[in-house]
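A quick write-up on the structure given underneath.
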Amino acid sequence: ASGREGDMFLTGFSPRKQNMTIYFMVGFNDFEEPLKKLGKCKWSKSCLYFKKLADINLDILKEMIQLSVEKTKAKYH
């Protein structure tokens, strides 16, 4: 409503000192089952945290990222 426009990433990655972080713009409401299978990680409202890639199932992570991108594109078109 302000008339301003901005750009935002569909998903993001940050290799922080304490944890690697992946940002899911749609959050995790639709990811209950994949999160159970993902491996050693933590999550908050829209951030997934893990120490190293070897701790998580990369196939599951790829599926989650793809679904998140699809949902974000559909929502914000």
Side-chain angles (χ1 to χ4, degrees):
S2 69
R4 296 182 183 183
E5 184 178 308
D7 294 325
M8 186 66 170
F9 52 80
L10 295 173
T11 191
F13 173 75
S14 178
R16 296 181 176 183
K17 184 176 181 177
Q18 188 174 16
N19 290 305
M20 292 188 207
T21 305
I22 298 180
Y23 301 93
F24 287 76
M25 303 319 300
V26 295
F28 295 107
N29 290 338
D30 297 330
F31 294 102
E32 187 175 318
E33 289 303 315
L35 285 169
K36 290 178 185 177
K37 302 174 188 175
L38 190 57
K40 190 175 176 183
C41 63
K42 295 179 183 178
W43 58 91
S44 62
K45 187 172 183 174
S46 63
C47 299
L48 178 71
Y49 307 101
F50 54 94
K51 297 279 185 193
K52 54 189 176 194
L53 287 173
D55 289 341
I56 58 174
N57 182 321
L58 296 179
D59 291 330
I60 300 288
L61 179 61
K62 182 179 176 180
E63 290 174 20
M64 289 174 63
I65 291 170
Q66 287 173 333
L67 182 58
S68 176
V69 167
E70 289 170 12
K71 286 179 172 274
T72 302
K73 283 182 176 180
K75 184 174 182 178
Y76 297 105
H77 173 95

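Numbering starts at 1 and runs along the sequence shown. Side chains included, hydrogens not; waters and symmetry mates left out as well; all remaining heavy atoms used.
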(request) Determine whether Phe13 and Leu53 fall in the same hydrophobic cluster, where Ile, Leu, Val, Met, Phe, Trp and Tyr are linked whenever their side-chain heavy atoms lie under 4.5 Å apart. (result) yes

(request) Would you mind checking if Lys73 and Glu70 are paired as a salt bridge, meaning a charged N to carboxylate O distance below 4.0 Å? (result) no

(message) Quick check: do Val69 and Thr72 have side-chain heavy atoms less than 4.5 Å from each other?
(response) no

(request) Return the minimal non-hydrogen interatomic distance between Lys51 and Met20, and the atom names on each side. (result) O-CE, 3.8 Å

(request) Give a yes or no on whether Met64 and Tyr23 share a hydrophobic cluster (residues Ile, Leu, Val, Met, Phe, Trp, Tyr; joining criterion: side-chain heavy atoms under 4.5 Å apart). (result) no

(message) What's the separation between atom CD in Gln18 and atom OH in Tyr49, rounded to the nearest 0.5 Å?
(response) 9.5 Å

(message) Side-chain heavy atoms nearer than 4.5 Å, only ILVMFWY residues, links allowed to pass through others: does that put Leu67 and Met25 together?
(response) no

(request) Kindly assign one of parallel, tilted or perpendicular to the pair Phe28 and Phe31, based on the angle between their ring planes and the thresholds 30° and 60°. (result) perpendicular

(request) Provide the closest heavy-atom pair for Lys40 versus Phe50 in the form atom of the first, atom of the second, distance. (result) O-CB, 3.8 Å

(message) Minimum heavy-atom separation for Ile60 and Pro34, please, with both atom names.
(response) CG2-O, 3.5 Å

(request) May I ask you to test the Lys75-Val26 pair for a side-chain heavy-atom distance under 4.5 Å? (result) no

(message) Show the nearest heavy-atom pair for residues Leu38 and Leu61, with the distance to one decimal.
(response) CD1-N, 3.7 Å

(message) Does any part of the side chain of Leu58, heavy atoms only, come nearer than 4.5 Å to the side chain of Ile56, both counted from C-beta?
(response) yes

(request) Measure the shortest side-chain to side-chain distance between Leu48 and Leu35 over non-hydrogen atoms and say whether it is less than 4.5 angstrom. (result) yes

